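What you see is a predicted model, and the numbers here were worked out from it, not measured in a lab. When a residue number appears, it is its place in the shown sequence, counting from 1. First listed ligand is number 1; within each ligand, the first listed atom is number 1.
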Amino acid sequence: MDPASRTPYGLVNDGALVVADDATIAWIGPVDDLPPELLASARTVEGVDGGVITPGFVDCHTHLVYAGNRARDFEMRLSGAHYADIARTGGGILSTVRATREAGFARLQAASEQRLHALARSGVTTVEIKSGYGLDRETELTMLRVARSLGARCGVDVRTTYLGLHAVPPGFTDSEAYVDFVIEEMLPLVAAERLADAVDAFCETIAFSRAQVARYFEAAQRLGLPVKLHADQLSDGGGASLAAEYHALSADHLEHAAPEALLALAQSGAVAVLLPGAAYFLRETKRPPVAELRRLGVPIAISTDCNPGTSPLVSMPLALNLACTLYGLTPEEALTGATRNAARALGIGERIGTLRPGQVADLVVWDVDHPREIAYGIGMEPIRAVVRHGQPHYRGDSR
Ligand code: NIG
Ligand code: FE
């Protein structure tokens, strides 16, 4: 698929794709136009009869490193308790913090690896993983190290994000004191050890205020770290305009974003990352402003938000289906959102996310007749193979 062409999905019928020795795409186009010398010099030639090739998925917002689970919260919510109430009484994020602090590196790695393998089997070749369930010096660093270690174990490229401002941990009665600790101790440490590619915060009434996040973003940017934001997920806390003001890579969730903040977001160049798994799991009925984002030309990305509390989701095709059924995205928008726009949300759109010469050859070979089928199935993952850096990686069992 060539995004520059104007055919729906950028689809190239009877296409060919050449991978160079450096694992980038050397050539792509109709097979009839393939330069004969490229075919003659090819070391291996593989046919993809009847299949469709897309870029590998980029899951640009996950919290997949954690211990324990939150099935108890799920049960409580189904008996009438609310997410924010559970959080205020020490359940929610803080219960995962307790389990994650207790787990230690090896257990954390083993639990997280299973989730990343599942995502990889569903077509993910690049994943973003956040910290934020340690909230103390040692466990936050452990989470980031576990995240980095998973790349080689699961054959997925990992981008890490320090989510220092996720919740106020036990031991800090005052949220300002915790923000001070994060700014004075954690950010310099994370930057010096090069453990994070970006930083994130939860701007919400049950988490951190706009002013606190602004202070944190300023400190991060002084250290050269790009920022992104959990913006307006549960209420309008001015997150979208804050993300715009700080030129965030992305503003994520956005269900309650104020319409007037979206113009600033559009002008800032941020990507809107939509996380329909969380809306589904929390039975949230407020929808993100998709029509307005489209009208303003804000790129929309889709991600699993894989996390224990609001989105225990480990399938990208299912995230695409939810984006279509819950948010009204077209299957084409969902696919673009999980590839090109998701790569852009991580600031690496130059390297991955599309099938263009020069991009890394991260591909999924689908057992479908048309790319619209990728978002269509509920729990179907019709994958024949996942190719990472030009090498076949997972072989699906759909044939
Ligand atoms: O993206 N909103 C904050 N972070 C996660 C939820 C974390 C949790 O509940 O454990 C989210 O939804
Ligand atoms: Fe999240």
Side-chain angles (χ1 to χ4, degrees), residues 59-77 81-101 108 111-112 115 119 127-135 139-140 143 147 159-169 198-208 213 227-237 239-240 243 248-257 271-284 286 288 301-314 319 322 342 345-346:
D59 196 356
C60 66
H61 177 142
T62 86
H63 311 245
L64 70 81
V65 171
Y66 62 84
N69 68 65
R70 300 257 285 286
R72 177 79 188 120
D73 289 12
F74 180 51
E75 215 172 42
M76 282 165 71
R77 283 194 294 102
H82 290 283
Y83 178 76
D85 300 332
I86 297 171
R88 280 193 201 96
T89 53
I93 293 173
L94 290 183
S95 64
T96 301
V97 169
R98 285 191 291 277
T100 303
R101 285 181 179 180
L108 204 51
S112 309
R115 293 184 277 272
L119 281 173
V127 69
E128 183 258 17
I129 304 177
K130 301 174 196 297
S131 68
Y133 290 126
L135 308 179
T139 320
E140 282 294 299
M143 284 189 74
R159 305 288 292 179
T160 52
T161 300
Y162 172 58
L163 174 51
L165 298 194
H166 198 195
V168 180
V199 310
D200 190 357
F202 190 19
C203 185
E204 192 61 58
T205 37
I206 57 163
F208 296 91
V213 175
V227 303
K228 58 177 87 175
L229 188 65
H230 280 74
D232 310 321
Q233 178 184 9
L234 307 169
S235 60
D236 176 14
L249 286 169
S250 66
D252 302 28
H253 288 289
L254 296 173
E255 280 88 333
H256 294 264
V271 175
V273 177
L274 305 186
L275 305 157
Y280 167 76
F281 195 66
L282 293 178
R283 296 188 295 161
E284 169 69 68
K286 183 97 167 84
I302 301 298
S303 165
T304 62
D305 195 12
C306 176
N307 80 73
T310 67
S311 189
L313 171 59
V314 290
L322 294 173
L346 296 180

- By atom name, which N, O or S atom belonging to D305 lies closest to the Fe ion (ligand 2)? OD1
- List every atom of ligand 1 that sits less than 4.0 Å from any heavy atom of H61, numbering the atoms from 1 in the order shown and giving each element. 1 (O)
- Message: For a 4.5 angstrom cut-off between non-hydrogen side-chain atoms, does F202 reach L165?
- Response: no
- Message: At a threshold of 2.8 Å, where the distance has to be below it, does the Fe ion (ligand 2) have an N, O or S atom of H61 nearby?
- Response: yes
- Please tell me if the side chains of P169 and E140 come closer than 4.5 Å, counting only heavy atoms from C-beta onward. no
- Item | D252/H230 under side-chain hydrogen bond (donor to acceptor under 3.5 Å, both in side chains): CA gap, chis, key distance, verdict | CA-CA 5 Å; D252 302 28; H230 280 74; 5.9 Å; no
- What is the closest protein heavy atom to atom 3 (C) of ligand 1, and at what distance does it sit? H166 NE2, 3.4 Å
- How about T62 and E128: does a side-chain donor come under 3.5 Å of a side-chain acceptor? no
- Task: Please write down residue, atom name and distance for the protein heavy atom closest to atom 2 (N) of ligand 1.
- Result: Q233 OE1, 2.8 Å
- Query: For the side chain of N307 and the backbone of H63, is there at least one donor-acceptor N/O pair under 3.5 Å apart?
  - Reply: no
- Note on the structure: The side chain to side chain contact (heavy atoms under 4.5 Å, CB included) partner of C306 among V65, L313, V314 is V314
- Query: Relative to the heavy atoms of H253, which atoms of ligand 1 are at a distance of less than 4.0 Å?
  - Reply: 1 (O), 11 (C), 12 (O)
- Query: Hey, which atoms in ligand 1 end up nearer than 4.0 Å to a heavy atom of N307?
  - Reply: 5 (C), 6 (C), 7 (C), 8 (C), 10 (O), 11 (C), 12 (O)
- State, without any angle test, whether D232 and H253 hold a side-chain donor-acceptor pair at a distance under 3.5 Å. no
- Item | Atom indices of ligand 1, in the order listed, that fall short of 4.0 Å to a heavy atom of R70 | 8 (C), 9 (O), 10 (O)
- For the pair R77 (side chain) and H82 (backbone), establish whether a donor and an acceptor sit closer than 3.5 Å, ignoring hydrogens and angles. no
- Answer side chain, backbone, both or neither: which part of E204 comes under 4.0 Å from ligand 1, heavy atoms only. neither
- Which atom, among the N/O/S set of H230, is closest to the Fe ion (ligand 2)? NE2
- Can you list the atoms of ligand 1 that are under 4.0 Å from a heavy atom of T310? 6 (C), 9 (O), 11 (C), 12 (O)
- Task: Just jot down the ligand 1 atoms closer than 4.0 angstrom to any heavy atom of Y83, in number order.
- Result: 6 (C), 7 (C), 8 (C), 9 (O)
- Task: Give a yes or no on whether the backbone of L234 and the side-chain of E255 come within a donor-acceptor separation of less than 3.5 Å.
- Result: no
- Note on the structure: Closest to atom 10 (O) of ligand 1 by heavy-atom distance, out of Y133, F281, Y66, is Y133
